[in-house]
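Read the numbers this way: they start at 1 and go in the same order the structure lists the ligands and their atoms. Scope of the values below: all heavy atoms of this structure, side chains included, with no hydrogens, waters or symmetry mates.
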Amino acid sequence: MTESAPIDPTATDAWKQLEGIASGFTPDLRGWFADDADRAATYTFQAADLTVDLSKNLVTEQILTHLLALAEDAGVAERYQAMISGQHINVTEDRAVLHTALRRPAAGTPGADTLDPAAGFVVDGADIDAEVHGTLDKVFAFADKVRSGEWVGVTGKRIETVVNIGIGGSDLGPVMVYEALKPYVQEGLEARFVSNIDPSDIYEKTADLDPETTLFIVASKTFGTLETLTNARLARQWLWERLGASGAIPADDSPAGDEARTAAVAKHFVAVSTALDKVAAFGIDPENAFGFWDWVGGRYSVDSAIGTSVAIAIGPDGFREFLAGFHAIDEHMRTTPLERNVPVLMGLLNVWYTNFLGAQSHAVLPYAQYLHRFPAYLQQLTMESNGKRVRWDGSPVTTDTGEIFWGEPGTNGQHAFYQLIHQGTRLIPADFIAVANPAHPLKDDTGDGNAVQPGADVHALFLANFFAQTKALAFGKTADEVRAEGTAEAVVPARVFPGNRPTTSILAPALTPSVVGQLIALYEHIVFTEGTIWGIDSFDQWGVELGKQLALEIAPAVDGDAAALASQDSSTKALIARYLELRGE
Ligand code: F6P
């Protein structure tokens with residue numbers, strides 16, 4: 001273990017002070033704003049292109065002072081430095097944690113001068129920069145070949161659809177970023193994403209595809225994940241069957257047929273993995289495999305070769321810009337004092353809400369339809385990282401950890417669950433994310449002749465909701481204000497908005513590849529900050545193992561093996577028996 005024992009945050013003076021403030025805490029955003037004309041300016045920060053307004057959070061100078069002291073006590077800045085310089089802060093797997101190295105600019109390229117000269121960069125005997133940039137070059141060369149049409153399928157046709165097969169970090173990152181950057185996708189190219197072992201997923205995603213123009217990317221860090229390998233085999237089966245059925249390759253078992261099938265895999269399958277031996281065993285030419293390293297966690301890997309589908313879709317230049325966005329936030333995190341350090345401040349506020357004000361969950365509400373998969377992406381990043389009950393020295397945590405992250409794009413969420421955020425009994429801190437310049441600045445030519453004027457900018461209408469929601473959540477509506485609208489007294493309580501519902505507003509110029517990279521890095525470092533305060537290893541994920549192991553053990557029973565069924569507990573046995581009955585087996 002290279003990590004020193006974590007501090008017990010609850011034993012610090014800062015924690016005790018915060019507990020004191022929290023008992024009987026009566027937030028008053030209306031009053032705080034009325035008393036301090038500078039509140040918005042004081043609590044608005046810039047991190048690269050992201051303008052982050054924290055002023056509508058339930059925070060005062062005094063609270064912030066203690067939260068910052070907590071960050072000092074826990075050594076957030078020092079541990080970040082330890083992480084980026086390659087120390088094995090992933091203690092339970094005895095690994096370095098170097099996702100920040102994936103976006104270090106190559107020497108001599110723009111941004112390289114921002115690198116911390118102290119941070120090396122040989123780690124555990126490996127020249128990290130050389131390995132990262134060697135792999136990126138290989139991914140980019142391949143992406144260029146697919147984009148230009150130089151890479152063709154087994155029948156000589158150019159690739160039109162890229163299907164990424166992966167799950168967890170090998171899926172959520174690529175699909176989220178692909179969706180976020182749709183306007184940057186090269187015309188004539190499409191990416192699809194298969195993740196679930198439910199056969200409906202691969203069936204639906206391939207049903208209308210032409211095998212001659214389809215390329216599969218099998219993305220799996222371990223190349224041992226049941227879902228991904230099963231789907232990869234189904235994809236290979238689909239390719240062979242479809243090519244055989246159309247006469248593109250021989251469909252029989254002759255040597256010529258075997259040879260054609262091998263050639264088809266070589267042209268229609270590539271892989272991304274840290275286990276290149278297993279890739280070869282699957283039949284994918286190691287020449288067509290892109291590596292990465294055990295020092296990248298799956299949920300931190302979209303900026304590695306795991307993003308190959310994105311690199312193909314938006315091109316190497318776009319991907320470089322994406323990486324530069326991450327790096328800009330990494331540099332902000334590394335060089336900005338804690339009191340202006342946006343990921344640190346946001347992480348500390350989450351600790352405040354979770355550990356002192358009893359919040360259980362955290363909403364992420366992008367006002368950008370292209371970010372519609374961002375909340376799902378963040379669920380893995382935050383909950384797989386910080387859903388832990390022991391600390392990195394094996395001792396039990398001393399306070400609650402993790403938050404339940406969830407969300408949907410605005411304005412859809414407004415018409416679904418915002419009621420509970422506005423008037424429910426739970427405290428739900430929420431992050432609102434918007435961009436100023438939309439990809440499609442449409443005008444409503446006719447308007448509705450009422451609230452919407454002819455020629456109205458629809459994006460302005462959209463963002464009016466972004467601004468209105470955080471205002472309503474912060475300041476609410478008092479009973480007197482409700483009465484002043486002429487509301488019948490009996491209905492007044494139902495129409496009161498209590499306010500003091502905390503929000504953070506994040507505003508970016510546009511949803512560029514760089515901004516998407518910035519947003520991801522921002523949340524990575526928020527997770528890091530919280531994990532450091534709680535003393536947990538945010539980079540392992542042992543909690544997903546038991547279910548995987550049991551699924552393999554139970555599989556024979558579900559497939560009808562009587563002895564395997566008999567050995568199950570009574571509930572599982574009865575459920576499987578009913579399943580078999582429903583299947584008529
Ligand atoms: O089951 C969890 C997990 O290990 C994630 O952490 C990871 O992103 C996912 O499975 C997929 O793993 P792999 O890339 O090795 O297939």
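Residues passing the ring pair (Phe, Tyr, Trp, His ring centres under 6.0 Å) test with F223: none are found, sequence neighbours excluded. Residues meeting the ring pair (Phe, Tyr, Trp, His ring centres under 6.0 Å) test with F326, sequence neighbours left out: F322.
In summary, D201 and K205 engage in a salt bridge, as defined by a charged side-chain N under 4.0 Å from a carboxylate O.
Below 30°, between 30° and 60°, or above 60°: for F539 and Y300 the angle between ring planes is between 30° and 60°, a tilted geometry. Under the 30°/60° scheme for interplanar angles, the aromatic rings of F528 and Y80 are found to stand perpendicular.
Applying the ring-ring contact (aromatic ring centres under 6.0 Å, His included) test to pairs two or more places apart or on separate chains, those with a residue in residues 196-219 are F216-W238, F216-F269.
Protein residues are said to neighbour a ligand when one of their heavy atoms lies under 4.0 Å from it; for ligand 1 these are I167, G168, G169, S170, S220, K221, T222, T225, G298, Q380, E384, Q541, V544, K548.
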